[in-house]
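Only heavy atoms go into these numbers, but all of them, side chains included; no hydrogens, no water, no symmetry mates. Chain identifiers are assigned alphabetically (A, B, ...) following the order of the sequence lines, protein sequences preceding nucleic acid strands; residue numbering begins at 1 within each chain.
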Amino acid sequence: MNLDSIGDWNRTHYTSQITPDLDGQEVTLFGWIQDIRDLGGIRFFILQDREGTIQLTIPKKRVHPEVLTKTNFLQKRFSIALKGMVKKTSMTPRGIEIIPSDVKILGTATEQLPLDITGKTPANIEARLDARPLDLTLEKNLAAFRIQHTALQAIRSFLFGKGFLETHTPRIIASATEGGAQLFCVDYFGQKAYLAQSPQLYKEELTLSFEKVFEVGPFFRAEESHTRRHLSEFTSVDIEQAFADAKDVMALLEQVIYHTCLTVKETCTKELKVLGYKFEVPQLPFKRLTYDQVLEDLKTTGITIPWGEDIPTEAFRELGKLYPFFYFITDWPTHAKAFYIKPREDKPEVCEGFDLMWRYIELVSGGTRISQKEQLIERLKEKGLNPDSFKSHLQAFDFGMPPHAGWAIGLERLTMILTGKKNIREVTLFPRDRVRLTP
RNA sequence: GCCCAGGUAGUAUAGUUCGGCCUAGUAUAUGCGGCUGUCGCCCGCAGGACCCGGGUCCAAAUCCCGGCCUGGGCGCCA
């Protein structure tokens, strides 16, 4: 098929901007054919663009013969441009339709699409991800990512307002930041290097100069996780603040979450409606549970965990039923947290690390960091890590490391909470997991 | 890494219990035809599938073995 050139046409409106008071006006629209209903003498197309849909109506005997000929070729997902007249009508849900006067075909599509784009026969996640570029055109998916976009925008503007600087630290690193073996190796000009699993060490080093920093970016974990809340590549929203402790950054965090929920609730009403999801903006302050309290609460559900042990998923699920919203867990056993988390001065077996939970999902983890070099070296050794491989990080502690604290939000997990999606891959454009490397 | 479940047209499913009535049903999608107000349009027609390999049996989508692939749970974590 010969495709048309876009020529000097410019879009005058998105579909969502067409209202009944534009009756009689000529508009230029760009978009895709989402659905076709041909009744014989009259033919309807649903035109979709980023912002929504609108009906194109072709009364076959009363439309330009050229338009009729052109629309004979149209199939689902063809991208088109059209000029047409806005017509007020009582016969469409939105009270308007477009009578095209000129149509250009800009892109074609296969006859048999790999997914049903009208939503009559929903596909499984696997089929959806295999055809992800098409899947993302579905209104529900557009809505989910619009919510993610809005959430991130809210977080950024809030942090800017609090004086944080946005930074960019390396993704290619020489040694582990968290310990353990869950790193992807890369060949760096013959040297062994790794993909960063977090910006942890760099953001701490930046508190020496910029004091309050944040970073949004992808990080990599080579864990063979097989769950609906893990990715091999995920997006982290990290902050680190000088002259602050866990209490300070927890207060900041709950404000960030509150502000984000409020913004999404207020500005994404259309998207939430499309998703059929309602969520309550959480009340401040969030509940703060200590690790010890959590163990007590779990006993009432019949789960007994010896002090010092990690809390298994099954227990978190029970806890989520007890606290079906956001809550902090504080005062974790020191050995259960990363080496850079500061032990409490009055009670060193417990640390100043915290998690922000949403039901059973660990959404954020953070804490006061160790700012004394000797203590950090000691903790590295306790964790079985070699201080020599952290040499370049440890030098920062010779240059006046301030007391500091920070946290990291899992952006996709936050999006799950804001959209009601149960599988993290649904809220990741092109998810990477244990088995998926394409598309 | 460990443990479960499962692979049937483009998509989603029925059928597998207890092998035969499966020449594999249904919905939707696709193609063709019809229809002037549809909006999950409607009506008719058509084409389209049992993951791969081996085994048992008169007979395998169905049972057995091996493989491949996928989903989910655990651990770990954001």
Open item on the list: Categorize A/Leu363 for me: base, sugar-phosphate, or nothing, with a 4.0 angstrom heavy-atom threshold over every strand shown.
Closed with: sugar-phosphate
Task: Interatomic distance, A/Glu224 CD vs B/G71 P [rounded to whole Å] - done: 14 Å
Task: d(CZ, A/Arg128; P, B/U70) in whole Å - done: 18 Å
Task: Shortest non-hydrogen contact from A/Val63 toward A/Pro100 - done: CG2-O, 3.6 Å
Open item on the list: Can you tell me if A/Arg425 touches the phosphate of B/G72, counting only side-chain N or O atoms and a distance under 4.0 Å to OP1 or OP2?
Closed with: yes
TODO: Looking at every strand, decide which applies to A/Thr227 at a 4.0 Å heavy-atom threshold: base, sugar-phosphate, or nothing.
DONE: base
Open item on the list: Which label fits A/Tyr323 and A/Tyr327: parallel for a plane angle under 30°, tilted from 30 to 60°, or perpendicular past 60°?
Closed with: tilted
Open item on the list: Can you see if the side chain of A/Ser365 gets near the phosphate of B/A78 - specifically, an N or O under 4.0 Å from OP1 or OP2?
Closed with: yes
Open item on the list: Over all strands shown, is A/Val435 touching base, sugar-phosphate only, or nothing at heavy-atom distances under 4.0 angstrom?
Closed with: sugar-phosphate
Task: Rounded distance in Å - CD (A/Glu126) to P (B/C51) - done: 14 Å
- [ ] Give a yes or no on this: more than 12 heavy atoms of other residues, nucleotides or ligands lie within 6.0 Å of atom CD of A/Gln283.
- [x] no
Open item on the list: Base contacts versus sugar-phosphate-only contacts with protein, heavy atoms under 4.0 Å: please encode nucleotides 35-41 of chain B as B, S and - from 5' to 3'.
Closed with: BBBBBBB
Open item on the list: Less than 3.5 Å apart, any donor N or O on the side chain of A/Gln48 or A/Arg77 sitting next to an acceptor on the other?
Closed with: yes
Task: Toward the 5' end of RNA chain B, by each residue's nearest nucleotide, A/Leu113 or A/Phe316 - done: A/Leu113
Open item on the list: By the 4.0 Å heavy-atom rule, please label A/Glu362 as base, sugar-phosphate, or nothing.
Closed with: base
Open item on the list: For the CZ atom on A/Phe210, are there more than 12 heavy atoms of other groups (residues, nucleotides or ligands in this structure) within a distance under 6.0 Å?
Closed with: no
Open item on the list: Rounded to whole Å, please give me the gap between CD1 in A/Ile361 and C1' in B/G73.
Closed with: 15 Å
- [ ] Considering only atom P, compute the distance from B/C57 to B/C74 and round it to an integer number of Å.
- [x] 44 Å
Open item on the list: Taking B/C4 as the reference, what is the distance to B/U56 when you measure between their P atoms (whole Å, please)?
Closed with: 29 Å
- [ ] For nucleotides B/A61 and B/U16, find the distance between their P atoms and express it as a whole number of Å.
- [x] 14 Å
TODO: Quote, to the nearest angstrom, the C1' distance that separates B/U30 from B/A12.
DONE: 15 Å
Task: Selection from B/G72, B/A12, B/C77 that lies nearest to any side-chain heavy atom of A/Asn124 - done: B/A12
Open item on the list: Base, sugar-phosphate or nothing for A/Asn423? Non-hydrogen atoms, less than 4.0 Å.
Closed with: sugar-phosphate
Task: Pairs satisfying side chain to side chain donor-acceptor pair (under 3.5 Å), at least one member in residues 353-367 of chain A, at least two apart - done: A/Lys337-A/Asp355
Task: Complementary nucleotide for B/G71 - Watson-Crick or wobble, under 3.5 Å - done: B/C4
Open item on the list: Tell me the closest heavy-atom pair linking A/Thr19 and A/Val86, and the distance in Å.
Closed with: O-CG1, 4.2 Å
TODO: Quick one: look up who B/C45 pairs with, Watson-Crick or G-U, both distances under 3.5 Å, and put none if it's unpaired.
DONE: B/G31
Open item on the list: Can you see whether A/Thr15 engages A/Asp49 through a side-chain donor-acceptor pair at a distance of less than 3.5 angstrom?
Closed with: yes
Task: Distance between P atoms of B/C58 and B/G6 (Å, rounded) - done: 29 Å
Task: Phosphate contact (B/C74 OP1 or OP2) by A/Arg317 side-chain N/O below 4.0 Å - done: yes
Open item on the list: Measuring from the side chain of A/Gln112 (C-beta onward, heavy atoms only), which nucleotide among B/G71, B/G10, B/A12 has the closest atom?
Closed with: B/G10
- [ ] Verify the contact: side-chain N or O of A/Arg229 to OP1 or OP2 of B/C77, cut-off strictly under 4.0 Å; return yes or no.
- [x] no
Open item on the list: Between A/Ala123 and A/Ser232, which residue's closest nucleotide on RNA chain B lies nearer the 5′ terminus?
Closed with: A/Ala123
- [ ] Sorted by first residue and then second, give each ring-ring contact (aromatic ring centres under 6.0 Å, His included) pair with at least one member in residues 290-319 of chain A; sequence neighbours left out.
- [x] A/Tyr291-A/Trp307, A/Tyr291-A/Trp332
TODO: Specify the separation, in whole Å, of atom CZ of A/Arg434 and atom P of B/G72.
DONE: 14 Å
Open item on the list: Taking B/C2 as the reference, what is the distance to B/G67 when you measure between their P atoms (whole Å, please)?
Closed with: 13 Å
Open item on the list: Nearest whole Å is fine: how far is B/U70 C1' from A/Leu437 CG?
Closed with: 16 Å
Open item on the list: What is the separation between atom NE2 on A/His226 and atom P on B/G72, rounded to the nearest whole Å?
Closed with: 7 Å
Task: Spacing of A/Ile329 atom CD1 relative to B/A78 atom C1', expressed in whole Å - done: 14 Å
Task: Separation of the P atoms in B/G15 and B/C63, to the nearest angstrom - done: 13 Å
Task: Gap in Å between the two C1' atoms, one belonging to B/G75 and one to B/C3, rounded - done: 11 Å
Open item on the list: Using a 6.0 Å cut-off, check whether atom CD of A/Glu139 has over 12 heavy atoms from anything other than its own residue.
Closed with: no
TODO: Could you tell me whether A/Glu223 contacts a base, only the sugar-phosphate backbone, or nothing, with contacts defined as non-hydrogen atoms closer than 4.0 Å?
DONE: base
